[in-house]
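Quick notes on the structure that follows.
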Protein chains: 2
Amino acid sequence: MTESESATVDLEIIVQGAQEGKKLELRLWLRMLSTTKLVSQEIRRRLRNEFGATLPQFDLMAQLYRERDGLRLGELSKRTMVTNGNVTGLVERLETDGLVLRVTPDGDRRVTVAKLTEKGMVLFGAMATAHEGWLRDMMADVDPAIVTELWQDIGAVKSSVSNHLSGSDFD
Amino acid sequence: MTESESATVDLEIIVQGAQEGKKLELRLWLRMLSTTKLVSQEIRRRLRNEFGATLPQFDLMAQLYRERDGLRLGELSKRTMVTNGNVTGLVERLETDGLVLRVTPDGDRRVTVAKLTEKGMVLFGAMATAHEGWLRDMMADVDPAIVTELWQDIGAVKSSVSNHLSGSDFD
DNA sequence: GCCAAACCTTTGACATTTCAAATATCGTTC
DNA sequence: GAACGATATTTGAAATGTCAAAGGTTTGGC
């Protein structure tokens, strides 16, 4: 009986105005965070049980799956939002499992390009199909119109956040 | 420095590419995930720079701050969505820093209760104030009405997900 | 009272995560 | 063509994360 009374909250906002509104962003953030954790844990559990893979591995392979020619590790780092050093270890383990291949192009020896192997493509194909189904199942009770609306509005949040980051944007 | 203005990480576009056949739920999930990562990284960076604390430590202390009598480790684990073994280490490090105290009650020697110290309460108070401000700033461009709407709709998502978990409750 | 089941926490093996420092290579400049 | 700054990746230390197994401690049935 903790958070089923959103009507009460709305009333408070209307009545008290800016007072209560100050904590709106905090409450949204906490709810986003807990929901994301919940979904992540469920996906992690299923990836592990059904495919013996981890979520970061899945994310990384997803990037390589759409770029059949492979990606440089730095590019992988940006796309997965994972640090460089982390990508190194992830690719290393995936290579050990025969899912990914590392190549250094002739043109630039600083670069390492990671590519999915045939085995990696087959495995990821199966995981991706399952993954999409899991999400549909988990969100089955949400009105599709709401899903679309959420997608748009969260885009607005992301945009606002991107414009207010502290790191490296004051010239 | 060709990227001084494009430092914005728009994972979405890169990841999604042409978003043809992608299901709605999958797209929402990818956007939620990338947005949450973005905010988390920003909060992590600021906690580190301004308070020398980590995000998991902040989360754990937040729970103890609201329960001045302390919480059992299992309860902390549930509330922070962190595994038991992980809580053990987190509390251990916080105790080393003098922010948290561990007590075993007389009634049940299986139990360990963690409590914020005076030092811990002072530190958390400062962090919480800053934390709330950071979120307000980051979401400053989002219409408050949208924030409220998002809070409600994400609640619906969370509720749906909770009802479709494989792990523990189908009955 | 005893024993088995249930409960709470810790431990151990690994994987992931960040940051900073180190390495290696490339391009340009002089 | 040697040196310097920029670029790309790796490494290392410390923290966080999962899971499964192992420790102690109750608790309940007999």
Side-chain angles (χ1 to χ4, degrees), chain A residues 33 36-38 40-49 51-61 70-97 99 102-114 167-168, chain B residues 1-4 33 36-38 40-49 51-61 70-78 80-97 99 102-114 167:
Chain A
L33 190 58
T36 300
K37 272 190 187 175
L38 195 62
S40 288
Q41 284 172 356
E42 177 70 6
I43 293 177
R44 197 191 318 275
R45 177 170 36 226
R46 298 208 201 190
L47 277 176
R48 177 184 184 79
N49 292 342
F51 297 99
T54 67
L55 187 49
Q57 288 172 351
F58 176 79
D59 284 345
L60 197 153
M61 292 176 74
L71 286 170
R72 288 149 48 140
L73 297 201
E75 190 54 29
L76 264 178
S77 172
K78 272 179 204 139
R79 297 199 190 189
T80 56
M81 294 176 89
V82 151
T83 51
N84 277 339
N86 201 0
V87 168
T88 297
L90 281 168
V91 170
E92 220 166 64
R93 276 168 234 120
L94 287 170
E95 193 176 33
T96 301
D97 294 345
L99 301 169
R102 264 187 297 193
V103 185
T104 297
D106 289 346
D108 192 338
R109 262 203 286 274
R110 293 170 299 180
V111 174
T112 299
V113 171
S168 75
Chain B
M1 303 303 237
T2 54
E3 49 205 359
S4 56
L33 190 57
T36 301
K37 272 190 189 176
L38 196 61
S40 288
Q41 285 172 354
E42 177 69 7
I43 293 178
R44 199 191 314 276
R45 175 171 35 227
R46 297 208 202 191
L47 277 176
R48 177 186 182 79
N49 292 343
F51 297 99
T54 67
L55 186 48
Q57 287 172 351
F58 176 78
D59 284 346
L60 198 154
M61 291 175 75
L71 287 170
R72 291 151 43 143
L73 297 200
E75 189 56 29
L76 264 178
S77 172
K78 271 179 207 136
T80 55
M81 295 175 89
V82 152
T83 51
N84 277 338
N86 202 359
V87 167
T88 297
L90 280 168
V91 170
E92 220 165 65
R93 275 167 235 122
L94 287 170
E95 192 175 36
T96 300
D97 293 344
L99 301 170
R102 264 187 297 193
V103 184
T104 297
D106 290 346
D108 191 339
R109 262 202 281 274
R110 293 170 300 181
V111 173
T112 299
V113 171

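Every chain is numbered from 1 and lettered A, B, ... according to where its sequence line falls, protein lines coming before strand lines. Worth knowing before you read on, the calculation uses all heavy atoms, side chains too, and leaves out hydrogens, waters and symmetry mates.
- Remark: A:Thr54 is in phosphate contact with C:dT16, judged by side-chain N or O atoms under 4.0 Å from OP1 or OP2.
- Listed nucleotides: C:dT25, C:dT16, D:dT18. Nearest to the side chain of A:Leu90: C:dT16.
- Within the nucleic acid shown, B:Gly74 comes within 4.0 Å of sugar-phosphate atoms alone, with no base atom in reach, counting heavy atoms only.
- Within the 4.0 angstrom heavy-atom criterion, only backbone atoms of the sugar-phosphate kind lie near B:Thr112; the bases stay farther away.
- For A:Arg44, counting side-chain heavy atoms from C-beta on, the closest listed nucleotide (D:dT25, D:dT18, C:dC26) is D:dT18.
- At the phosphate of C:dT16, neither OP1 nor OP2 sits under 4.0 Å from any side-chain N or O atom of A:Asn86.
- DNA chain D is contacted by both A:Gly89 and B:Pro56; A:Gly89 maps to the nucleotide lying nearer its 5′ end (nearest heavy atom per residue).
- The separation between B:Leu73 atom CG and D:dG23 atom C1' is 15 Å, rounded to whole Å.
- Residue A:Leu55 is classed as having no contact, given no heavy-atom separation below 4.0 Å to the nucleic acid.
- Atom CZ in A:Phe58 sits roughly 18 Å away from atom C1' in C:dA15 (whole-Å rounding).
- When distances run from any side-chain atom of B:Val111 to the nucleotides C:dC19, C:dC8, C:dT18, the shortest one goes to C:dC8.
- No donor-acceptor pair under 3.5 Å is formed between the side chain of A:Thr112 and the backbone N or O of A:Thr104.
- Protein atom CG of A:Leu60 is 15 Å distant from nucleotide atom P of C:dA15, rounded to whole Å.
- Phosphate proximity of D:dT10 to A:Arg102: present, with a side-chain N or O under 4.0 Å from OP1 or OP2.
- A donor-acceptor contact shorter than 3.5 Å is absent between the side chain of A:Asp97 and the backbone of A:Leu99.
- OP1 or OP2 of C:dT16 lies within a sub-4.0 Å distance of a side-chain N or O belonging to A:Gln57.
- Residue contacts shown for B:Arg72 are limited to sugar-phosphate atoms, with no base heavy atom under 4.0 Å away.
- One interatomic measurement links the two molecules: CD of B:Glu92 to P of C:dT10, which rounds to 8 Å at whole-angstrom precision.
- Nucleotide C:dT10 holds its P atom 11 Å from the CG atom of B:Leu76, rounded to whole Å.
- As a whole-Å value, the separation of A:Asn49 CG from D:dA20 C1' is 13 Å.
- Judged by distance alone, the side chain of A:Gln57 and the main-chain N or O of A:Thr54 form a donor-acceptor pair under 3.5 Å.
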Using the side-chain contact (heavy atoms from CB on, under 4.5 Å) rule, take B:Thr88 and B:Glu92 through it: C-alpha gap first, then chi angles, then the decisive distance, then the call. CA-CA 6 Å; B:Thr88 297; B:Glu92 220 165 65; 4.2 Å; yes
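- Among the heavy atoms of the strands, none lies under 4.0 Å from A:Val87.
- The base of D:dT7 sits within donor-acceptor range of the side chain of A:Arg110, with an N or O pair under 3.5 Å.
- Within 6.0 Å of CZ on A:Arg109 lie no more than 12 heavy atoms contributed by other residues, nucleotides or ligands.
- Across all strands shown, B:Asn84 has heavy atoms under 4.0 Å from base atoms, whether or not it also approaches the sugar-phosphate.
- In this structure, A:Lys37 contributes its side chain and B:Thr80 its backbone to a donor-acceptor pair below 3.5 Å.
- Protein atom CG of B:Leu47 is 15 Å distant from nucleotide atom P of C:dT18, rounded to whole Å.
- Contact annotation: B:Thr83 side-chain N/O to D:dG17 OP1/OP2 distance is not under 4.0 Å.
- Rounded to an integer number of Å, the gap from CG of B:Asp108 to C1' of D:dG28 is 15 Å.
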